[in-house]
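Model, not experiment: these values are computed from the prediction.
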Amino acid sequence: MIRVLLVDDQPLIRSGFRALLDLEDDIQVVAEAADGEQGLALAREHLPDIALIDIQMPVVDGIEATRRIAADPALAGVHVVILTNYGMDEYVFNALRAGAAGFLVKDILPEDFLHAVRVAARGDALLAPSITRRLIDRYVTQPLPAGLDRGLEGVTAREREAVALVAQGLSNDQIAERMVISPMTAKTHINRAMIKLHARDRAQLVVLAYESGLVTPRNR
């Protein structure tokens with residue numbers, strides 16, 4: 001059973017998502033919150049698998065709530081998925097940097113929404129859906145900030161290759177096919193890169209890959 005916490009200051013949005021989730025046999029909404037502070041308290045109380053958190057909320061916003069969840073060892077099993085009204089919301093990348101596993105636009109199709117919840121519950125970043133791919137595509141066209149400490153000495157060539165494919169939104173099976181290795185070996189490469197780069201999950205791995213220069217921004 002996938003346990004979900006809904007955090008949004010709009011009751012109509014919460015009720016809509018809840019109605020959709022409650023129809024699924026493998027998903028249970030364990031609590032709802034109207035702001036980030038209440039959401040944090042409920043996350044600590046219920047320890048959900050997924051916290052669906054709106055970006056713009058009173059008291060404590062979604063980015064700060066995400067940062068606090070990611071920093072709390074007791075909430076290590078909680079995967080934050082950010083909810084936003086805009087596919088290119090300027091705050092989304094900051095939320096990924098803060099520790100979110102991905103983000104969803106609120107007008108997402110129901111079947112895509114349910115798939116995303118299940119993907120996040122498995123511990124995978126929401127990098128495959130087209131909305132997240134657009135975010136990454138927008139970011140990687142920007143130049144890297146100067147003066148970054150790359151700190152990539154311990155990352156092997158094969159691990160770098162695997163991370164580059166993760167940044168394209170590929171699954172472990174797809175990465176394995178590209179690299180001509182087994183899915184387990186692909187997962188091992190990715191996990192080792194995450195450890196070396198101190199990434200919480202695949203989403204942060206992609207953020208760090210671009211920020212550190214491990215993956216080169218694309219040119220148009």
Side-chain angles (χ1 to χ4, degrees), residues 2 43 47-53 62-63 65-82 92-104 115-129 131-133 135-140 142 144-145 148-218:
I2 300 171
L47 297 178
D49 302 299
I50 301 294
L52 295 172
I53 300 181
I63 294 176
T66 299
R67 186 176 292 111
R68 295 185 190 180
I69 288 174
D72 189 341
L75 300 178
V78 179
H79 303 288
V80 174
V81 176
I82 290 293
V92 169
F93 185 75
N94 289 333
L96 290 175
R97 185 187 286 115
F103 82 101
L104 298 174
H115 173 71
V117 169
R118 293 185 173 101
V119 167
R122 294 200 301 265
D124 292 335
L126 298 178
L127 300 176
I131 51 173
T132 308
R133 193 185 303 274
L135 172 70
I136 296 171
D137 186 63
R138 177 181 178 182
Y139 174 68
V140 302
Q142 306 302 314
L144 286 169
L148 286 174
D149 179 9
R150 299 190 171 228
L152 302 175
E153 293 80 5
V155 182
T156 69
R158 292 295 269 175
E159 289 164 359
R160 294 182 186 211
E161 183 179 355
V163 171
L165 295 173
V166 170
Q168 295 178 29
L170 273 62
S171 67
N172 286 351
D173 288 343
Q174 292 169 322
I175 292 170
E177 183 176 352
R178 289 279 192 93
M179 297 180 65
V180 196
I181 55 178
S182 71
M184 182 59 67
T185 301
K187 183 176 181 179
T188 298
H189 285 323
I190 295 164
N191 288 343
R192 287 176 177 170
M194 287 174 61
I195 292 170
K196 292 174 181 179
L197 295 173
H198 306 289
R200 172 185 169 94
D201 54 30
R202 289 169 75 108
Q204 278 205 323
L205 180 63
V206 172
V207 171
L208 292 169
Y210 286 118
E211 288 189 329
S212 67
L214 178 57
V215 179
T216 304
R218 291 200 295 266

Mind listing the side-chain donor-acceptor pairs of residues 185-193 below 3.5 Å, one per line with the distance, residues two or more places apart or on another chain?
unit_1 : atom_1 : unit_2 : atom_2 : d
T185   : OG1    : S182   : OG     : 2.9
T188   : OG1    : M184   : O      : 2.9
N191   : ND2    : K187   : O      : 3.4

message: Minimum heavy-atom separation for A101 and H79, please, with both atom names.
response: CB-CB, 4.4 Å

- prompt: Is the shortest heavy-atom distance from the side chain of L75 to the side chain of L47 under 4.5 Å?
  reply: yes

field: Closest heavy-atom pair and its distance - G99, A70
entry: CA-CB, 4.1 Å

- request: List the atom of V78, the atom of A51, and the distance in Å for their closest heavy-atom pair.
  value: CG1-CB, 3.9 Å

query: Should I2 and R118 be marked as a side-chain contact (heavy atoms from CB on, under 4.5 Å) after you check the CA-CA gap, both sets of side-chain angles, and the distance that decides it?
result: CA-CA 8 Å; I2 300 171; R118 293 185 173 101; 3.9 Å; yes

statement: In short, K196 meets T156 closest at the heavy-atom pair NZ-CG2, 4.0 Å

field: Any residue meeting salt bridge (charged side-chain N to carboxylate O under 4.0 Å, His left out) with D72, in chain and number order, not counting sequence neighbours
entry: R44

Test item: I69 and I53 side chains (from C-beta on) under 4.5 Å apart, heavy atoms: yes

- request: Quick one: closest heavy-atom pair of I175 and A162, and the distance?
  value: CD1-O, 4.0 Å

query: Excluding sequence neighbours, so at least two apart, what forms side-chain hydrogen bond (donor to acceptor under 3.5 Å, both in side chains) with R158?
result: E161

task: Flag the pair L197 / E159 as yes when at least one side-chain heavy-atom distance between them is below 4.5 Å, and no otherwise.
output: no

- request: Flag the pair V81 / V117 as yes when at least one side-chain heavy-atom distance between them is below 4.5 Å, and no otherwise.
  value: no

